[in-house]
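Report on the following structure.
Bear in mind the structure is a predicted one, so any value in this text is a computation, not a measurement. So you know, we letter chains A, B, ... as the sequences are listed, proteins then strands, and number each from 1.
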Amino acid sequence: MAGLAACLCGLVFGIGLLLSGMADPAKVLGFLDLGGAWDPSLAFVMGGAVAVTALGFRWLRRRRGPSLAGGPLQWPAATRIDFRLLAGSLAFGAGWGLAGFCPGPALVAAAAGVPQALVFVAAMAAGMGLFSLIEHRKPGT
Amino acid sequence: MTLDRAAFAPWPALAGGVLIGLAAVLLMLGAGRIAGISGIVGGLLPPRGGAGWRLGFLLGLAASPWAYRLAAGLPAIRVEAGTGTLVAAGLLVGLGTRYASGCTSGHGVCGLARGSARSFAATAVFMAAGFATVYAVRHGWTGA
């Protein structure tokens, strides 16, 4: 049940990425290029997504019940703003600016068969694997 | 800074954003989970095992370009970066999003929508890094 609901959500999420232009790296770089001819479109993607999510999440908080699949709603508990968060975000932003891909759009483009997206996704998975490797080796974790 | 009026398309952007938001709300309602792509992918890699909802979400995400293609024809996906840049960028995005515990979706959409200060900080940093990187690559460090 959770898998089926999640599948539908993934489909809607991906269609949203494609419709909005987020899945097109050239469009993303046009938004990130403040020094050239700036295309502010993607601010509307974020605005629309955050507004709808904020309203929906507020309703879900008030609703209080379990998810439709039966389990509790798992809201993130972390609140600390630490070095890992900031350094990680810095590295992520640099990679995003280099290629114009963030994780969701890269997966959609790879699934569409765009060869450069497959290269990016393979490297991204390697980066995530590297993180697991480093963090798993640490004593006490 | 000049505006790229030819490329500016606020309505599809807004409509796409609304769909992304709907998907995030539905995932929390249906499966009780945050729609953070880097976390969903990262959670599938060893040492952690797979979970049905993660696989389901990624399956739906992977089907989206095919459904889109059937209904309307796939929109342009234009990649300018060469292979070396793509590899470097992918590594940075993979490592960075795991250390930051989130990306554009988990922090930038869901986190901001929850009013999380931690996600505001992450989003501010990755947006600033994105702007700075594109500026450096396209216009040089000196602003030429």
Is [X] close to chain A through its backbone or its side chain, or both, or neither, when contacts mean heavy atoms under 4.5 Å?
X	value
Phe131(B)	both
Thr123(B)	side chain
Pro75(B)	side chain
Leu58(B)	side chain
Arg69(B)	side chain
Leu74(B)	side chain
Ala67(B)	side chain
Thr97(B)	both
Val93(B)	both

Within the 6.0 Å centroid threshold, strictly below: Trp38(A) and Phe8(B):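 No, ring centres 6.0 Å or more apart.
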
Less than 6.0 Å separating the ring centroids of Phe31(A) and Phe44(A)? no

Contacting moiety of [X], where chain B heavy atoms sit under 4.5 Å:
X	answer
Arg58(A)	neither
Leu17(A)	both
Pro115(A)	neither
Ala125(A)	backbone
Pro40(A)	both
Leu86(A)	both
Leu60(A)	side chain
Phe83(A)	neither
Val50(A)	both

Under 6.0 Å from the CG atom of Leu4(A), do we count more than 12 heavy atoms belonging to anything else shown?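 At most 12 heavy atoms, drawn from other residues, nucleotides or ligands, come within 6.0 Å of this atom.
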
Just checking Arg5(B): does its CZ atom have more than 12 heavy atoms from other residues, nucleotides or ligands closer to it than 6.0 angstrom?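 Counting other residues, nucleotides and ligands, CZ of Arg5(B) stays at 12 neighbours or fewer.
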
Which one of [options] has the most heavy-atom pairs closer than 4.5 Å to chain A?
options	answer
Leu22(B), Ile40(B), Leu29(B)	Leu29(B)
Cys103(B), Ala7(B), Ala13(B), Ala81(B)	Ala13(B)
Leu26(B), Val87(B), Thr104(B), Leu112(B)	Thr104(B)
Ala88(B), Ser119(B), Ala9(B), Gly111(B)	Ala9(B)
Ala122(B), Ser105(B), Ala62(B), Gly102(B)	Ala122(B)
Gly36(B), Ser38(B), Ala35(B)	Ser38(B)

Measure the spacing between SG of Cys7(A) and CH2 of Trp53(B) and express it to the nearest 0.5 Å.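 The CH2 atom of Trp53(B) is 13.5 Å from SG of Cys7(A), to the nearest 0.5 Å.
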
dist Leu19(A):CG -> Leu14(B):CG (nearest 0.5 Å) comes out at 10.0 Å

Linked, directly or transitively: [X] and [Y] (ILVMFWY side chains, under 4.5 Å):
X	Y	value
Phe57(B)	Trp66(B)	no
Leu44(B)	Ile37(B)	yes
Phe131(A)	Leu85(A)	no
Ile20(B)	Leu8(A)	no

When you measure from the side chain of Arg33(B) to the backbone N and O of Arg54(B), does any donor-acceptor pair fall under 3.5 Å? no

N/O donor-acceptor pair under 3.5 Å between His107(B) side chain and Ala100(B) backbone: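 Side chain of His107(B) to backbone of Ala100(B): a pair is present.
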
Of the listed residues ([options]), which shares the most heavy-atom pairs with chain B below a 4.5 Å separation?
options	value
Leu34(A), Val28(A), Val119(A), Val12(A)	Leu34(A)
Gly3(A), Gly97(A), Ser67(A), Gly48(A)	Ser67(A)
Val121(A), Leu29(A), Asp39(A)	Asp39(A)
Ala5(A), Gly113(A), Ala106(A), Pro25(A)	Pro25(A)
Pro76(A), Ala23(A), Gly70(A)	Pro76(A)
Val52(A), Leu90(A), Leu42(A)	Val52(A)

Does a salt bridge link Asp82(A) with Arg80(A), judged by any charged N lying under 4.0 Å from a carboxylate O? yes

Tell me whether the guanidinium CZ or amine NZ of Arg61(A) lies under 6.0 angstrom from the six-membered ring centre of Trp75(A) and within 45° of its axis. yes

Both conditions, 6.0 Å and 45 degrees, for the charged tip of Arg62(A) above the ring of Trp59(A): are they met here? no

The single option from Trp96(A), Phe120(A), Phe92(A) passing ring-ring contact (aromatic ring centres under 6.0 Å, His included) against Phe101(A): Phe120(A)

How far apart are the closest heavy atoms of Leu91(B) and Ala126(A), and which atoms are they? CD2-CB, 4.1 Å

